[in-house]
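The block underneath contains the structure these notes are about, expressed in structure tokens.
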Amino acid sequence: MSGETNLGVLLKSMRPVLRDGEFVFLTTRRSLLEVASLAPLGLFQEEEGLTLILPREKAEAAGLPYTAVFRMLTLSVHSSLEAVGFLAAITNRLASRGISVNPVSAYFHDHLFVPSARAEEALALLVELAGYAAAPA
């Protein structure tokens, strides 16, 4: 199962879902073994340190500093990792309203981390974008 690649189909069927909870991105010099108990939603090893995506309450309980708080929007369509233009269309729409987005592509879905205070607005913009994509040409 490789996922959808057609941009029109992806946009029409993205079905964004606003997930419960707040999330933070942070960096640490701790090893993966040291942070495994935090069960990070995502992680990426960079030269400067290990980036973690954690629920806000887990970061606070562990005393790990962060700089911004996000909500997660999951695009329910099974998008291919080789799809072209899907995230560009989405991030451009959000950028046109001054909404930052940190996208994370996993095997089945794309996940968008948007500022917590603008999450409902971002969701509405994506629903609107899907509606425009569904309109006849």
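Basis for what follows: all heavy atoms, side chains included, without hydrogens, waters or symmetry-related copies.
What you find for Leu18 and Glu120 is that their closest heavy atoms are CD2-OE2, 3.4 Å. Here the shortest heavy-atom pairing between Leu87 and Ser105 reads CD1-OG, 3.5 Å. Taking each heavy atom of Leu112 and Pro103 in turn, the nearest pair found is CD2-CB, 3.9 Å. Scanning all heavy atoms of the two residues, the minimum distance from Leu129 to Ala89 falls at CD2-O, 4.1 Å. Shown here for Leu26 and Pro65, the closest heavy-atom pair between the two residues is CB-O, 3.4 Å.
Between Phe113 and Ile53, some side-chain heavy-atom pair lies under the 4.5 Å cut-off. Residues Val35 and Leu38 are in side-chain contact: their nearest non-hydrogen atoms beyond the backbone lie under 4.5 Å apart. Inter-residue side-chain proximity for Leu64 and Val24 is flagged as unmet; no heavy-atom pair is nearer than 4.5 Å. In this structure, the side chains of Arg15 and Leu75 stay at 4.5 Å or more apart for every pair of heavy atoms. Side-chain contact between Leu73 and Leu126: present, with at least one pair of heavy atoms (C-beta onward) separated by less than 4.5 Å. Considering only heavy atoms from C-beta on, Ser76 stays 4.5 Å or farther from Pro16 through its side chain. The closest side-chain heavy-atom distance from Leu81 to Tyr107 is below 4.5 Å. With contacts defined as side-chain heavy-atom distances shorter than 4.5 Å, the pair Thr27/Leu50 does not qualify.
Remark: aromatic rings of Phe70 and Phe25 are close, center separation under 6.0 Å.
Residue Arg30 places its CZ atom among 12 or fewer non-hydrogen atoms of other residues, nucleotides or ligands, all under 6.0 Å distant.
One N or O on the side chain of Arg118 and one on the backbone of Arg97 form a donor-acceptor pair closer than 3.5 Å. The main-chain N or O of Ser31 is found under 3.5 Å from a side-chain atom of Glu34 such that the two form a donor-acceptor pair.
Tracing side-chain contacts under 4.5 Å through hydrophobic residues (I, L, V, M, F, W, Y), one never reaches Val77 starting from Val17; they form parts of separate clusters. Placement of Phe86 and Leu94 within a single hydrophobic cluster is found when ILVMFWY residues are connected by side-chain heavy-atom separations under 4.5 Å, directly or transitively. Both Leu125 and Leu123 are assigned to one and the same hydrophobic cluster, defined by single-linkage of ILVMFWY side chains at heavy-atom distances under 4.5 Å. Both Phe23 and Val104 belong to a single network of hydrophobic side chains, linked directly or stepwise wherever heavy atoms of I, L, V, M, F, W or Y lie under 4.5 Å apart.
We find that Arg29 and Glu48 are not joined by a salt bridge, their nearest charged nitrogen and carboxylate oxygen being 4.0 Å or further apart.
If you check the side chains of Thr74 and His109, you find no donor sitting under 3.5 Å from an acceptor.
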